[in-house]
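Please read all numbers here as calculations on a predicted model, not as lab measurements. All chains are named by letter (A, B, ...) in the order of the sequence lines, taking the proteins before the strands, and each is independently numbered beginning at 1.
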Number of protein chains: 2
Amino acid sequence: MSISVNDGVFMAEALQLAARGLYTTEPNPRVGCVIVRDNEVVGRGFHTFAGGPHAEIEALQEAGERAKGATVYVTLEPCAHHGKTPPCVEALIRAKVARVVAAMVDPNPLVGGKGLARLEAAGIAADSGLMAAEAAALNPGFISRMTRQRPWVRVKLAASLDGRTAMASGESQWITGEAARADVHRLRARSSAILTGIGTVLEDDPQLTVRLSSQDLGVDANVPQPIRIVLDRQGQLSANACLLSDEISPVWVATSQAAEAPLRQRLPTHIRIQALPEREGHLDLAALWTWLAEEQINEVMVESGPKLTGALLEGGWIDECMIYLAPCFMGADARGLFDLSIGLMSERRPVQINDIRRVGTDWRLRCSFPSNQNV
Amino acid sequence: MSISVNDGVFMAEALQLAARGLYTTEPNPRVGCVIVRDNEVVGRGFHTFAGGPHAEIEALQEAGERAKGATVYVTLEPCAHHGKTPPCVEALIRAKVARVVAAMVDPNPLVGGKGLARLEAAGIAADSGLMAAEAAALNPGFISRMTRQRPWVRVKLAASLDGRTAMASGESQWITGEAARADVHRLRARSSAILTGIGTVLEDDPQLTVRLSSQDLGVDANVPQPIRIVLDRQGQLSANACLLSDEISPVWVATSQAAEAPLRQRLPTHIRIQALPEREGHLDLAALWTWLAEEQINEVMVESGPKLTGALLEGGWIDECMIYLAPCFMGADARGLFDLSIGLMSERRPVQINDIRRVGTDWRLRCSFPSNQNV
């Protein structure tokens with residue numbers, strides 16, 4: 001079966017619908033659906049929150065009888081299995097749609113392709129792959145978890161044009177302007193978790209919550225706060241930390257086996273404490289990701305100092321790096337972006353800049369690392 | 001007299017013509033001229049090199065008899081005085097043009113306005129100010145020399161995304177890619193002089209010449225090499241420096257009075273040595289600029305290490321900063337952009353980014369400093 005120009009138009013609308021779930025679907029993927037009969041859209045839907053209806057079901061409900069003989073555009077292969085809700089493929093078969101176009105198959109290797117196969121077995125034409133890259137970009141965390149058993153790791157950095165993140169004293173508020181800081185809160189809001197190091201907690205005592213309302217974010221649904229995770233190998237976290245002063249979202253502490261018991265004694269019982277293996281004197285980051293993927297954490301946003309960001313860069317763990325460059329110079333004594341020691345030009349880390357744009361008075365660079373082995 | 005839409009169209013062409021002299025007119029300004037009769041361009045000209053015909057004369061020659069009753073668009077007020085060539089206003093009066101539109105008046109306060117006044121006295125309508133900012137942008141150095149008695153100072157920097165210019169060892173070749181390096185050679189070619197510090201000469205032993213041909217630069221005329229100037233307070237320059245190994249362009253050495261005589265003994269006689277006063281243990285930069293302006297240096301390009309760039313930033317002497325950001329990280333041990341010590345966030349230097357664009361694999365930021373007192 002061939003793909004037409006109209007197919008692209010309708011899939012683009014399905015992608016836009018999917019994006020409306022950006023802040024609310026986790027741990028589920030963001031999915032949008034458009035149902036078209038005689039070149040007219042008769043049903044639209046998107047997944048809003050886990051446990052709520054899938055995009056296809058919403059769209060089928062709007063379409064009603066008109067779904068019969070229609071084409072269904074959906075940004076992710078319809079599910080064939082019973083999860084929190086009944087399988088979407090059965091609903092599509094019951095509605096007697098003629099054709100289903102999925103932007104991408106389910107990235108879960110255990111179920112990928114099964115939904116489309118079930119549709120075809122029921123006599124419904126089924127295509128996939130239309131605007132697959134755009135669909136994948138909606139769900140980097142979900143896909144990473146399904147295919148790599150680890151979350152998508154996004155590091156946020158704010159620096160002066162001469163690459164400095166704080167004065168020698170630690171003073172850093174505020175390098176970037178209001179618009180950049182609001183942008184950071186949007187990134188937090190789309191993340192399942194915010195990861196930081198104990199050094200940042202001890203020095204800056206941050207709250208690490210989303211301080212934008214649903215209205216600010218342009219969504220109707222309630223936006224869940226990301227889980228806040230502190231890497232604290234030696235168990236230095238104080239019960240007085242600002243992070244623990246509210247119950248806006250859970251706080252998880254990853255620590256060493258040696259420090260686990262003392263932390264449990266010291267911290268309130270609602271704080272989750274997880275012991276991780278150590279490796280070369282640090283918490284084992286591979287074990288961290290495995291744990292977080294098991295906990296259905298899709299996108300992790302790292303907001304920390306140069307020690308943790310340096311270790312993440314060194315380990316090849318950074319999937320995406322958002323650098324906010326502020327139009328100022330902070331001088332030679334100020335702190336750098338990464339605690340990373342490189343001696344030779346040939347060892348410098350290549351960066352791929354995927355996007356560069358102005359955010360208020362600052363510039364935002366979205367980068368990745370071509371040398372990472374992302375498997 | 002009013003300015004019409006057509007006036008803008010023809011002045012834009014005159015500006016484009018003027019830019020063709022970018023690499024060759026110094027110490028003269030870049031000037032273009034278009035002569036229009038009955039909405040038809042009958043003459044075009046631009047100034048190519050000092051001593052050669054002015055733009056107006058070239059355009060009048062092409063127009064011939066058709067200049068009579070025509071409108072003349074010129075990017076800089078026509079000269080009323082005898083320089084290396086006879087005054088252009090007299091030629092315009094003889095050609096019986098009807099109207100002259102100048103983008104800007106002559107920035108030299110001694111002659112500014114005199115050309116237009118002389119034309120009006122001869123019954124020729126004379127306007128100025130059309131696209132004045134664009135015209136001024138063609139000649140930052142000439143204007144600076146006329147109005148501030150100092151050259152336009154452009155600092156070139158090449159750094160990694162984390163703001164590093166060299167490894168701790170000094171290794172720095174090459175941070176940026178080929179396209180950025182060619183762009184640097186274009187900046188050199190438009191400069192009257194390249195300024196560096198003795199530290200850079202001792203460490204990198206650079207040649208600091210333009211290694212692009214006239215053809216590469218897209219011009220017919222011979223492109224003069226910029227003068228190479230070394231700041232060498234203590235007289236450490238060796239006769240074996242790569243700079244001195246060719247006679248591609250003059251080398252000037254600015255030094256202290258104490259080091260002048262030993263340098264004269266040591267260096268070849270064709271090297272110009274200039275003693276400058278000292279100030280707080282450094283060569284007095286104000287005296288440097290005065291000297292260079294007297295020597296008709298319009299645009300100075302600084303290519304040096306963090307010591308000189310830091311002193312220039314500190315002194316508020318940088319008019320324009322071209323930062324080439326390479327897509328890599330070089331780590332915390334690598335060297336920074338400026339030897340500049342700032343202790344508090346409130347003391348950080350604000351930078352205005354006037355342009356940001358991709359140059360090959362790198363990004364170029366054209367910056368200025370709103371806090372400089374540029375008078």
Side-chain angles (χ1 to χ4, degrees), chain A residues 157 159-175 177 306-307 309-310 313-314 318 321 323 325-354 356-358 361-363 365 367-371, chain B residues 157 159-175 177 306-307 309-310 313-314 318 321 323 325-354 356-358 361-363 365 367-371:
Chain A
L157 298 163
S160 61
L161 272 185
D162 54 345
R164 309 295 168 155
T165 61
M167 290 298 165
S169 67
E171 186 193 5
S172 66
Q173 286 184 347
W174 298 103
I175 292 176
K307 203 175 149 201
T309 55
L313 184 61
E314 185 69 44
I318 304 178
C321 189
I323 312 181
L325 284 181
C328 66
F329 290 128
M330 285 168 55
D333 298 342
R335 297 187 191 174
L337 284 162
F338 300 100
D339 271 356
L340 182 72
S341 187
I342 298 176
L344 295 169
M345 283 294 286
S346 57
E347 292 167 357
R348 70 192 189 277
R349 286 304 155 102
V351 174
Q352 185 175 308
I353 302 177
N354 299 306
I356 180 163
R357 65 179 64 185
R358 193 168 182 153
T361 53
D362 305 306
W363 287 82
L365 285 69
C367 306
S368 58
F369 298 91
S371 57
Chain B
L157 298 164
S160 61
L161 272 185
D162 55 344
R164 308 294 168 156
T165 61
M167 289 298 166
S169 67
E171 187 193 3
S172 66
Q173 288 184 344
W174 298 103
I175 292 176
K307 203 175 148 202
T309 54
L313 184 61
E314 184 68 44
I318 304 178
C321 189
I323 310 180
L325 284 182
C328 66
F329 290 129
M330 287 167 55
D333 298 342
R335 297 187 192 175
L337 284 162
F338 300 99
D339 272 356
L340 182 72
S341 187
I342 298 176
L344 295 170
M345 284 294 286
S346 56
E347 291 166 358
R348 69 192 190 277
R349 285 304 154 106
V351 174
Q352 185 174 310
I353 302 177
N354 299 307
I356 179 163
R357 64 179 63 184
R358 193 168 180 152
T361 53
D362 305 306
W363 288 82
L365 285 69
C367 306
S368 57
F369 299 91
S371 55

- Query: So B/Met345 and A/Gln173, side-chain contact (heavy atoms from CB on, under 4.5 Å) or not? Walk me through it.
  - Reply: CA-CA 8 Å; B/Met345 284 294 286; A/Gln173 286 184 347; over 6 Å; no

- Message: Apply side-chain contact (heavy atoms from CB on, under 4.5 Å) to residues A/Arg348 and B/Met167 and explain how you reach the verdict.
- Response: CA-CA 9 Å; A/Arg348 70 192 189 277; B/Met167 289 298 166; 4.3 Å; yes

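The CG atom of B/Leu365 lies 6.0 Å from the CG atom of A/Leu161; values are rounded to the nearest 0.5 Å. Rounding to the nearest 0.5 angstrom, the gap separating the CG atom in A/Asp162 from the OG1 atom in B/Thr309 is 10.0 Å. Summarising the geometry, atom CD belonging to B/Glu171 is positioned 11.5 Å from atom CD1 belonging to A/Ile342; distances are rounded to the nearest 0.5 Å. To the nearest 0.5 angstrom, A/Cys367 atom SG is 5.5 Å from B/Phe329 atom CZ.
Counting heavy-atom pairs under 4.5 Å between each of B/Gly163, B/Pro306, B/Ser160 and chain A puts B/Gly163 at the top. Among A/Gln352, A/Arg358, A/Arg349, the residue with the largest count of heavy-atom pairs under 4.5 Å with chain B is A/Arg349. Among the candidates B/Gly343, B/Gly310, B/Pro327, B/Ser341, the residue making the largest number of heavy-atom pairs closer than 4.5 Å to chain A is B/Pro327. Comparing B/Gly336, B/Ser172, B/Ala334 by heavy-atom pairs within less than 4.5 Å of chain A, the highest count is held by B/Ser172. In terms of non-hydrogen atom pairs under 4.5 Å with chain A, the most contact-rich of B/Leu337, B/Leu344, B/Asp339 is B/Leu344.
Interface remark: A/Trp363 contributes side-chain atoms only to the contact with chain B (heavy atom separation under 4.5 Å). Neither the backbone nor the side chain of A/Thr165 comes within less than 4.5 Å of any heavy atom of chain B. Residue contact with chain B, scored on non-hydrogen atoms closer than 4.5 Å, is absent for A/Arg335. Contact of A/Leu325 with chain B is made through the side chain alone, with heavy-atom distances under 4.5 Å. At a 4.5 Å heavy-atom cutoff, the contact between B/Ile175 and chain A is made by backbone and side-chain atoms alike. With a 4.5 angstrom heavy-atom cutoff, A/Leu313 touches chain B only via side-chain atoms.
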